[in-house]
Amino acid sequence: MPISLDEVRHVARLARLDLDEAEMLALQGELNALIGHFTDIQNVNVTGVEPTSHAVNMNNVWAEDEADDPFARDSALRNAPMSRAGLFVVPTIIED
Amino acid sequence: MPEYVASVGMEVHAELMTRSKMFCRCPVAFGGEPNTRVCPVCLGMPGTLPVPNRRAIEMVLRTALALDCTIAMRSVFHRKNYFYPDLPKGYQVSQYGETNPLGYAGKLEIPASGGGYKRVGIRRVHLEEDTGKLMHLPAGGSGVDFNRAGVPLMEIVTDFPPDITTPDEAKEYLAQLRQILVYLEVCDGKMEEGSMRCEPNISIRPEGSETYGTKTELKNLNSFRSVQLGVQFEVRRQTAVLDHGQRVVQETRGWDENREASFPMRVKEAENDYRYFPDPDLVPMVFDEAYLESLRATLPELPLAKSRRYQEVMGLSAYDAGLLVADRDWAAYFESAVELGGDAKTVCNWMNGDYARYLNESGNTVGSGNVQPKQLVELTKLIEDGTISGKIAKDVFAEMFRTGHDPRTIVQSKGATQISDAGAIGEIVARVVGANPDVVAKYKSGQTSVAGFLIGRVMAESKGRANPQLVRDLVAKALDE
């Protein structure tokens, strides 16, 4: 298996996914199937093909530097699970 | 104990002075009520589409050109993925890779401690977005303000291995870089407001060793002074660690301004697996030579080039030239005064002397000052042609600074014109000499230095208006009779 269970655990941690052993085993299989597909892609002859980073054939889509009206604060905070004094409130991350 | 050599890498973040944010059109400002400059894009809401700010891209390109960088003719934005509450999208848009950043492989020259200049290599100049601000809430939890999230941020990183080897060089590098950013009008350079932030990394190694030591990174440096002190502290601390046979730990350390000491910081998360990938929502930027040339044409003469010109063409000292170019408006003032016919050295002395002092005392800047370049030049001409003495001129200048009036008007209204009439001065000289027979006797007995006392008396009696040269001549003549 190209992808080990440890790698699945690592990626899950980075993505903040709380998976049990059975889920990890299932994902390991799915990820390996995906990686297998990339192996197929790697077999395609790309001689003379320019590398690209984007799927659309567009460059330089820019906006002029003009300020617009922002959101009303109430709208911005409306979906927040917790807010106070105009701030989004989250659990304390760093303990002093 | 071995001698150690320090290596200092500098990572500087500069908020760009755009009107709107990097990928949305929320206004950019400092301070204000939290979460009042936010929208679905900079809050990272699903289904939104970011559009890059053209002016921010131009600002970074102009900076990269000013720092002699190679420009990436094709450049893309990447997503840097990590979780932290000040990052609404779960990723920061940034630029990854060695030759993908808008500018790379540049340099900045700094005045060297032993005279001359030192080259500091620049590894990359790239464009990214700022994060929001987290604050601890007294009642528990953390509050997040996203006003700053998405503000265009330029990152400038020096080469590895580092060229900077002393705390002074670190400070000088930062000062030069700040001047350039301010000259280019891309960043206001306010370290105390955080619009320019500096995170140096410091390591030491025994003299002669090829291997670089373990480095520590410093955060929370809010002034040039703290950068200098912080680097100095780290070099000493690491030296002590090695001298005690211990090892330097790779870590991020915070700077405590009050204690003037660094302390280990609890880092967000020691997770360097950012899984960078090209942002599919942001299409590549592609430039051509003609466009870069048009940007190059907008670059002003940079501070160091100005300073060299002032020294080489106008004959000013490195110190004087450095003071003049430290502020773009100040340099512009100097140049317009010289253009109006002022003597470079004379104008420079007035500016760096009385003018700078009055501006400092009053808390004004040259832009808001009362004295126009034309008026300063006129004042120097009044001294040059003997209308007023240099001493009187200082009073006239004080009045000009206070009222904004022309020097000629002030001189006329005060009756402060210089007396160059030999007859009138001769009368005062005769009176002073007559009133001080003991001094005259001393002079006759060989104590020629007492002439200065008589000259002083004559100047005082004329209320400073007598032509000093004429006074000296006439006193000497009277004494030698």
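Since the structure is predicted, the reported quantities are computational estimates derived from the model, not experimental observations. Here is the naming used below: chain letters follow the sequence lines, and residue numbers restart at 1 for every chain. All values below come from the heavy atoms of this structure, side chains included, with hydrogens, waters and symmetry mates left out.
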Does A:Asp40 have more than 12 heavy atoms from other residues, nucleotides or ligands lying within 6.0 Å of its CG? yes
Quick one: pull up CG in A:Asp68 and NZ in B:Lys21 and give me the separation to the nearest 0.5 Å. 13.0 Å
Would you please go through residues 32-45 of chain B and name the residues with a non-hydrogen atom below 4.5 Å from one of chain A, in numerical order? B:Glu33, B:Pro34, B:Asn35, B:Thr36, B:Arg37, B:Val38, B:Cys39, B:Pro40, B:Leu43, B:Met45
Crowding at CZ, B:Phe287 (>12 non-hydrogen neighbours, <6.0 Å): yes
Let me know if B:Asp279 has heavy atoms under 4.5 Å from chain A in its side chain, its backbone, both or neither. backbone
Atom CG of A:Asp20 with >12 non-hydrogen neighbours under 6.0 angstrom: yes
Smallest heavy-atom separation, B:Val76 atom then A:Ser53 atom, equals CG1-OG, 3.6 Å
Separation between CG of A:Asp65 and CE of B:Met59, rounded to the nearest 0.5 Å: 7.0 Å
Which atoms of B:Leu282 come close to chain A, meaning under 4.5 Å heavy atom to heavy atom: side chain ones, backbone ones, both, or neither? backbone
Quick check for you: among B:Leu137, B:Asp145, B:Leu134, which has the greatest number of heavy-atom pairs under 4.5 Å with chain A? B:Leu137
What part of A:Ala15 gets closer than 4.5 Å to chain B, counting heavy atoms only: side chain, backbone, both or neither? backbone
CG-CE distance between A:Leu87 and B:Met135, expressed to the nearest 0.5 angstrom: 5.0 Å
For A:Phe38, I'd like to know if atom CZ has over 12 heavy atoms of other residues, nucleotides or ligands within 6.0 Å. no
Determine whether a donor-acceptor pair (N or O, by modelled atom type, separation under 3.5 Å) exists between the side chain of A:His54 and the backbone of B:Asp281. no
Sort B:Phe146 into side chain, backbone, both or neither according to what part of it lies under 4.5 angstrom from a heavy atom of chain A. side chain
A:Ala72 portion near chain B, given a 4.5 angstrom heavy-atom threshold: neither
Taking all non-hydrogen atoms of both residues into account, name the closest pair between B:Gly140 and A:Arg84 and its distance. O-NH2, 3.2 Å
If you look at every heavy atom in B:Val51 and A:Val61, which pair is closest and at what distance? CG1-O, 4.1 Å
Please round to the nearest 0.5 Å and tell me the distance separating atom CG of A:Leu14 and atom OH of B:Tyr82. 14.0 Å
The interface call for B:Ala139 against chain A, heavy-atom contacts under 4.5 Å, is both
Is the CG atom of A:Asn57 crowded by more than 12 outside heavy atoms at less than 6.0 Å? no
Ion pair present between B:Arg54 and A:Glu64, side-chain N to carboxylate O less than 4.0 angstrom? yes
Taking atom CD as the centre, does A:Glu7 end up with more than 12 heavy-atom neighbours from other residues, nucleotides or ligands that are less than 6.0 angstrom away? yes
